[in-house]
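The structure under discussion appears below in the form of structure tokens.
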There are 2 protein chains.
Amino acid sequence: MRRKTIKDVAQEAGVSIGTVSAVLNRRDSVRLVTRKRVLKIMDSLNYRPVEAARRRLGSPREKTLGLVVKEIHNPYFADIIVGAQEEARKHDFRLLVMSSEQVFSREVDAVRVLVAKDIDGLIINPLLELGTLSSHFQDLEANNIPFVMIEGLSGDVSTASVVDIDNERGAFDATMHLLEAGHTELVHLAGPKYSQHSSERSAGVLRAAPGARIVHAGATLEDGFNAVRDQLKGCSFTALVCYNDLVAIGAMRQLMDQGLLVPKDVSIVGFDDIDVASYLGVPLTTVRIPKREMGRQAAAIAIEQIHSTEDSKSRRILLDAELIVRSSTRKR
Amino acid sequence: MRRKTIKDVAQEAGVSIGTVSAVLNRRDSVRLVTRKRVLKIMDSLNYRPVEAARRRLGSPREKTLGLVVKEIHNPYFADIIVGAQEEARKHDFRLLVMSSEQVFSREVDAVRVLVAKDIDGLIINPLLELGTLSSHFQDLEANNIPFVMIEGLSGDVSTASVVDIDNERGAFDATMHLLEAGHTELVHLAGPKYSQHSSERSAGVLRAAPGARIVHAGATLEDGFNAVRDQLKGCSFTALVCYNDLVAIGAMRQLMDQGLLVPKDVSIVGFDDIDVASYLGVPLTTVRIPKREMGRQAAAIAIEQIHSTEDSKSRRILLDAELIVRSSTRKR
DNA sequence: TTGAAAGCGCTAACAA
DNA sequence: TTGTTAGCGCTTTCAA
């Protein structure tokens, strides 16, 4: 069924579209009876104006940035969103957030929808999809919509701007910290496959400790909990390097359930430094990512590219990740 | 400076707008040289098509729901968003998320922007603003855009649909649990002012324990930490009823820093049951809110109202909050 | 107080 | 292969 338009309302009410428009815009040039009649028809027809048609096409609109994250349900992204939003506001931009929930087709869809909503720029934490540089990014380029990636794609041929952190280095530092503390039986709880961050972090762990055992856990509390319970059953180890803090916290919980003490029996390092990490009963040693700063910089770059007339060259920013030693690790 | 249009490009390139349109839509009817010239002009003019004009006005578009939360940086909202998104997807709706970050003017602005982006329905967790039913909600009604509130406003005169939980009851249960465990020196760490949930929870605490001391903490880890450190200094108490889990976790950390043990010295109850609550060193006793379910129901109602032709009556759903007893509370 | 008509930026059909 | 033109749903003059 066709969407009702101002014409339908006008016809049904026996007035012209001009009158309906006047009612819509609360102009006081309409006789009360007429207004009432029109309003009633609007209601009965379930009429909703097409907003795009209201503002004269091409008239100045609110500037907006789109932000597509992989999973909204992760404190890591919450910080990135907040950072991006802060920077956006500074420049009078609004931020529209969508989540792909780790599904590639939804990421493509989200980008399409945001473009349809006429965003001026896009920040995206893309899913790692092997093969071609996906067409949704090409669309962005074709439409002259600047976009910034948070977490660069590996085969990243494109000209896209990227804001990222040195994962390899961070994971290397974390592992070295454990090695220097005398740990020899190391297990690495790796993140999701198809995550660029995960493979970079695994690489960092292996560079420091080529013999480390790698176990694929995931990215959530439950993943960490399950990995230790199932995959590490009966396995001997004294230290865990985790993909992120959530996995670390989940792992820690499982260890406690098994009667093991952290850090007495097992040392644990996380990654991200989410807020809660320092509030835990055993404050978590972790690799801090400047999450807000990442969001902020990504937004700043997007906005800069929107404003600049000349074909702004893409920028690549690699922020440092810093090891924060707390209480979940100790000398062996 | 006026936004560049297809006309500008056509003129500059010395072709008709039809040709430019063909290039824009990747039609292969354009000679290579022409295409190249047009593309170059587009680039140099920094031309970006007005998306709203591309899809023939009024043509069927993706259905979208807007969601405005108070603070994106809170696991509680993350769950609501996920629930809403799941339900939305089921009905082939997209979800656009914005955050007011506890600032009323931003909430108003967010609603305006979402309406301008032509959303079909709205879910909102409104800030508690005393006085009139704000005009941004009236606008929604005038434009026939169904909206659902998560957390009802107190003086809620409007016809809006609401999905909420029984906060009073949840807080009452939590407090009774402590009372029955023999606690007499109770402190309530209350949430932010101007939060409906906060005042309802405080009411529940007071109904169970009229003599409870009320301290205004806030909603974050830091707020809980600071409240115990500053406002409870030298104060004697054996149990804490907290506005939410974050405050509880922050409070717990501060108690530990003071050498106090939970639950041996102090029992603590949180609210929300965020994921991490059960993974803590001392798993948190808390009042579980069906967060995803709230998001899901809110989306379901919004979508139902969008589809229904007749003037659907507003719905009010009050979900139960359930006390989950873990290890942070014990008999005195 | 209401109606008629031009025009917003673009696409699509058709003509050249 | 390119140009011309009608219209998408609405607002905004201007005329009646």
Side-chain angles (χ1 to χ4, degrees), chain A residues 1-39 41-42 45-62 115-120 139 142-145, chain B residues 1-39 41-42 45-62 115-120 139 142-145:
Chain A
M1 195 188 55
R2 226 185 71 263
R3 180 166 173 169
K4 300 296 180 195
T5 75
I6 203 171
K7 269 188 203 159
D8 300 310
V9 178
Q11 186 161 36
E12 193 86 7
V15 297
S16 75
I17 62 168
T19 303
V20 178
S21 175
V23 171
L24 218 45
N25 292 284
R26 291 195 179 71
R27 255 184 286 277
D28 51 7
S29 63
V30 187
R31 232 187 341 161
L32 187 62
V33 279
T34 316
R35 172 194 304 283
K36 288 215 165 174
R37 183 152 38 94
V38 170
L39 283 173
I41 300 290
M42 281 181 177
L45 254 42
N46 211 3
Y47 168 72
R48 185 165 58 81
V50 174
E51 286 301 325
R54 301 193 67 170
R55 22 225 104 214
R56 320 286 262 100
L57 286 180
S59 68
R61 300 174 324 292
E62 301 80 8
V115 169
K117 296 297 180 190
D118 232 348
I119 53 168
D120 301 281
D139 281 352
N143 281 7
N144 246 309
I145 298 178
Chain B
M1 195 188 56
R2 224 185 72 264
R3 180 168 174 170
K4 299 297 180 193
T5 75
I6 203 172
K7 269 189 202 159
D8 299 310
V9 178
Q11 184 161 37
E12 193 85 8
V15 297
S16 76
I17 62 168
T19 304
V20 177
S21 175
V23 171
L24 216 46
N25 292 284
R26 291 196 180 67
R27 258 185 282 279
D28 51 8
S29 63
V30 187
R31 233 190 341 164
L32 187 62
V33 279
T34 316
R35 173 195 304 285
K36 288 216 163 173
R37 184 152 38 94
V38 171
L39 283 173
I41 301 290
M42 280 181 177
L45 253 41
N46 211 3
Y47 167 72
R48 184 165 60 81
V50 172
E51 287 301 325
R54 300 192 69 171
R55 24 225 103 218
R56 319 284 265 104
L57 285 182
S59 68
R61 301 173 325 293
E62 302 81 6
V115 169
K117 295 299 181 190
D118 230 349
I119 53 168
D120 302 280
D139 281 352
N143 281 7
N144 246 309
I145 298 178

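Rounded to a whole Å, the CG atom of D8(B) is 13 Å from the C1' atom of dC10(C). Distance, I6(B) CD1 to dG7(C) P: 18 Å, rounded to whole Å. Put simply, CG on L57(B) is 12 Å from P on dC10(C), counting in whole angstrom units. Note: OH (Y47(B)) to C1' (dG9(C)) measures 7 Å, nearest angstrom. Between K36(A) atom NZ and dT1(C) atom C1' the separation is 18 Å, expressed in whole Å. Atom C1' of nucleotide dT2(C) and atom CD1 of I17(A) are separated by 12 Å, given to the nearest angstrom.
At dT11(C), one or more side-chain N or O atoms of S21(B) fall inside 4.0 Å of OP1 or OP2 (strictly under the cut-off). Between S59(A) and the phosphate of dC8(C), there is no side-chain N or O to OP1/OP2 separation shorter than 4.0 Å.
At distances below 3.5 Å, not a single donor-acceptor pair connects side-chain atoms of R61(A) with backbone N or O atoms of A116(B). Judged purely by atom type and a 3.5 angstrom limit, N144(A) uses its side chain to pair as donor or acceptor with the backbone of Y47(B). Under a 3.5 Å cut-off, the side chain of R2(A) and the backbone N or O of G58(B) do not form any donor-acceptor pair. Distance alone, capped at 3.5 Å, is enough to place a donor-acceptor pair between the K117(B) side chain and the K117(A) backbone. Put simply, the side chain of R37(A) gets close to the backbone of A13(A): a donor and an acceptor are under 3.5 Å apart. Looking only at distances, a side-chain donor or acceptor of R3(B) sits under 3.5 Å from a matching main-chain atom of R48(B).
Within 4.0 Å of G58(A), counting heavy atoms only, lie sugar-phosphate atoms of the nucleic acid but no base atom.
Looking at every heavy atom in both residues, R27(B) comes nearest to R35(B) through O-NH2, 3.0 Å.
If you check residues 23-34 of chain A against DNA chain C, the residues with a heavy atom closer than 4.0 Å are S29(A), V30(A), R31(A), T34(A), listed by number.
Both G14(B) and R56(B) sit near DNA chain D, but only G14(B) has its closest nucleotide nearer the 5' end.
With a cutoff of under 4.0 Å to any heavy atom of chain B, the contacted region of DNA chain D is bounded 5' to 3' by dT1(D) to dG9(D).
In this structure, the side chains of I17(A) and Q11(A) stay at 4.5 Å or more apart for every pair of heavy atoms. Inter-residue side-chain proximity for V50(B) and T5(B) is flagged as unmet; no heavy-atom pair is nearer than 4.5 Å.
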